Amino acid sequence: MRMSEERSSFWGVRYFEIPTKDLVRAISFYEALFQIELTRHTIDGYEMAWFPETADGQGASGALAQGDVYVPTKSGPILYFTISNLQALLDRLAALEATVLLEPREVQGQGVVAEFEDCEGNRIALFQPIEKR
């Protein structure tokens with residue numbers, strides 16, 4: 001079958017896990033950064049802390065995860081969080097003594113992106129979209 005004749009099985013991104021070495025430290029970091037509350041769970045023997053889902057159900061949900069299969073890295077996939085006030089988060093990152101890996105820059109008229117190293121050693125990105133008028 002040609003691609004155009006097949007029905008795509010891809011629906012979109014649903015869920016992500018951010019590897020941690022110290023889940024308690026990571027919870028504290030992300031709660032302070034995003035001013036949210038994460039909820040702890042144990043799934044298949046792995047300790048996790050879930051990010052809250054958005055009220056409108058848009059986007060993917062995810063968790064911080066700790067266990068033998070979870071290895072923090074700056075060289076793997078980069079997770080982008082959409083946020084509304086990049087400067088506020090950059091200020092919080094400074095207060096948390098996190099390293100900014102990519103200074104804020106515009107992305108082809110879509111918005112502004114910045115990247116940082118979290119407390120676990122992961123490369124994480126922040127994206128503030130340009131407001132549509």
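A quick note: this is a predicted structure, and the numbers were derived from the prediction, not measured. Numbers here are sequence positions counted from 1.
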Exercise. Just how far is it from atom CZ of R25 to atom SG of C119, taken to the nearest 0.5 Å?
Worked result: 5.5 Å
Exercise. Less than 4.0 Å between a side-chain N and a carboxylate O, is that true for E117 and R123?
Worked result: no
For this session: Mind running side chain to side chain contact (heavy atoms under 4.5 Å, CB included) on F116 and T99 for me, showing each step along the way?
Result: CA-CA 6 Å; F116 67 93; T99 302; over 6 Å; no
Exercise. Would L126 and V113 count as a side chain to side chain contact (heavy atoms under 4.5 Å, CB included) if you check the C-alpha gap in whole Å, the side-chain angles of each, and the deciding distance to 0.1 Å?
Worked result: CA-CA 6 Å; L126 302 170; V113 67; over 6 Å; no
Exercise. Would F127 and F81 count as a close aromatic pair, with their ring centres under 6.0 Å?
Worked result: no
Seminar exercise, completed: When every non-hydrogen atom of T73 is compared with those of G76, the smallest separation belongs to CG2-N, 3.6 Å
Problem set entry | Straight-line distance of Q128 CD to I83 CD1, nearest 0.5 Å | 5.0 Å
Exercise. Does CD in E31 sit with more than 12 non-hydrogen atoms of other residues, nucleotides or ligands closer than 6.0 Å?
Worked result: yes
Problem set entry | Any donor-acceptor N/O pair, E47 side chain to G67 backbone, under 3.5 Å | no
For this session: Look at the rings of Y30 and F51 and say which category their plane angle falls in: under 30° parallel, 30 to 60° tilted, over 60° perpendicular.
Result: perpendicular
Exercise. Are E120 and K21 within salt-bridge range, i.e. N to O under 4.0 Å?
Worked result: no
Problem set entry | Side chain proximity check, I18 to I124, heavy atoms < 4.5 angstrom | yes
For this session: State whether the number of non-hydrogen atoms from other residues, nucleotides or ligands found under 6.0 Å of E97 atom CD is greater than 12.
Result: no
Problem set entry | Close side-chain approach of F34 and R92, heavy atoms under 4.5 Å | no
Seminar exercise, completed: Here the gap from Y70 atom OH to N122 atom CG, rounded to the nearest 0.5 Å, amounts to 12.5 Å
Exercise. I78 versus E115: any side-chain heavy-atom pair under 4.5 Å?
Worked result: yes
Seminar exercise, completed: Taking every heavy atom of Q66 against every heavy atom of T20, the minimum-distance pair comes out as CB-OG1, 3.3 Å
For this session: Could you grab the distance from atom CG of L33 to atom CG of L93, nearest 0.5 Å is fine?
Result: 5.0 Å
Exercise. Where is the tightest heavy-atom contact between G121 and D118, given as atom of each residue plus distance?
Worked result: N-OD1, 2.9 Å
